[in-house]
Amino acid sequence: MLTVTQLARGAGLSRTAVLYYESIGLLKATSRSAAGYRLYGERDIQRLRQICVYRDAGLKLEHIRAVLDRPESEASGILERRLAEIGLEIERLRSHQGAILKLLRHKRTLARTKDMTKEKWVSIMKASGFKEADMHRWHAEFEKAAAEDHQEFLEYLHIPEQEIKGIRDWSRKQPA
């Protein structure tokens with residue numbers, strides 16, 4: 001039998017993480033010592049190892065619970081959905097990567113442009129291959145990643161305050 005600290009160390013986790021998993025019902029101590037310490041057995045060790053494997057695969061805790069507590073067929077569905085999500089995320093990141101590369105190719109244009117406007121920026125984005133939906137997604141990502149910088153950038157483009165407020169409000173409402 002292991003204490004919570006021993007279990008955590010063996011899994012490469014913090015004691016707090018193990019206690020959190022227990023508090024949300026993902027893990028349960030097999031018993032308690034005479035002094036009231038949590039004790040974990042071999043089944044608990046195996047379950048924690050499985051939790052760690054699924055966390056490393058990027059599953060949310062609610063999905064890990066479902067995978068561990070449901071029949072194999074349902075678990076496969078959850079894993080397949082996560083795989084599809086990862087594929088979409090990779091696509092999105094490659095799209096961003098391509099857009100940044102195109103923008104870097106236009107670096108000379110940007111450097112010469114001391115008085116950037118919204119219209120100039122939109123034309124550069126379009127020349128870089130951005131469609132309207134890409135620009136919307138770009139704003140949502142910018143707002144999510146660096147809200148103050150997004151505000152500053154929109155001001156740099158000389159966009160009126162009310163329009164900036166509209167862009168930022170809309171961007172905050174977009175799904176991650």
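Position 1 is the first residue of the sequence, and the numbers go up from there.
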Between Glu143 and Ser171, what is the shortest heavy-atom contact and its length?
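Nearest pair, atom of Glu143 first, then Ser171: CB-CB, 3.7 Å.
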List the atom of Leu26, the atom of Arg47, and the distance in Å for their closest heavy-atom pair.
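Closest pair (atom of Leu26, atom of Arg47, distance): O-NE, 2.5 Å.
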Could you work out the complete set of other residues in the hydrophobic cluster of Trp170, with links drawn between I, L, V, M, F, W and Y side chains under 4.5 Å apart?
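Members besides Trp170: none; it forms no cluster.
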Please determine whether the number of non-hydrogen atoms from other residues, nucleotides or ligands lying under 6.0 Å from atom CZ of Arg9 exceeds 12.
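No.
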Counting heavy atoms not belonging to Arg32, are there more than 12 under 6.0 Å from its CZ?
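Above 12, so yes.
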Check this for me: does any side-chain nitrogen of one of [X] and [Y] sit under 4.0 Å from a carboxylate oxygen of the other?
X      : Y      : value
Asp134 : Lys126 : no
Lys165 : Asp169 : yes
Arg82  : Glu85  : yes
Glu22  : Arg38  : yes
Arg92  : Glu89  : yes

If you group Ile, Leu, Val, Met, Phe, Trp and Tyr by side-chain heavy-atom gaps below 4.5 Å, do [X] and [Y] land in one group?
X     : Y     : answer
Tyr20 : Leu13 : yes
Ile78 : Leu83 : no
Ile24 : Tyr40 : yes
Tyr21 : Leu68 : yes
Leu19 : Met1  : no

Kindly assign one of parallel, tilted or perpendicular to the pair Trp121 and Phe153, based on the angle between their ring planes and the thresholds 30° and 60°.
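Trp121 vs Phe153 ring planes: perpendicular.
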How long is the straight-line distance from [atom2] of [Y] back to [atom1] of [X], given to the nearest 0.5 Å?
X      : Y      : atom1 : atom2 : value
Arg172 : Ile167 : CZ    : CD1   : 11.5 Å
Arg81  : Leu59  : CZ    : CG    : 9.5 Å
His150 : Arg168 : NE2   : CZ    : 7.0 Å
Leu48  : Arg43  : CG    : CZ    : 14.5 Å
Met135 : Met125 : CE    : CE    : 6.5 Å
Lys60  : Arg65  : NZ    : CZ    : 14.5 Å

For Leu39, the option from Thr30, Asp44, Leu7, Thr3 that meets side-chain contact (heavy atoms from CB on, under 4.5 Å)
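Of Thr30, Asp44, Leu7, Thr3, side-chain contact (heavy atoms from CB on, under 4.5 Å) with Leu39 is met by Thr3 alone.
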Stepwise, does the side-chain hydrogen bond (donor to acceptor under 3.5 Å, both in side chains) test hold for Gln50 with Gln46?
CA-CA 6 Å; Gln50 288 178 303; Gln46 291 306 317; over 6 Å; no
So, do [X] and [Y] sit near enough that their side-chain heavy atoms are less than 4.5 Å apart?
X      : Y      : value
Asp56  : Val53  : no
Leu157 : Thr117 : no
Leu154 : Lys118 : no

Modelled atom types, side-chain donor and acceptor of Glu155 and Gln151, under 3.5 Å:
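Yes, a side-chain donor-acceptor pair sits under 3.5 Å.
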Do Ser95 side-chain atoms and Glu91 backbone N/O form a donor-acceptor pair below 3.5 Å?
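Checking the backbone N and O of Glu91 against the side chain of Ser95, no donor-acceptor pair under 3.5 Å is found.
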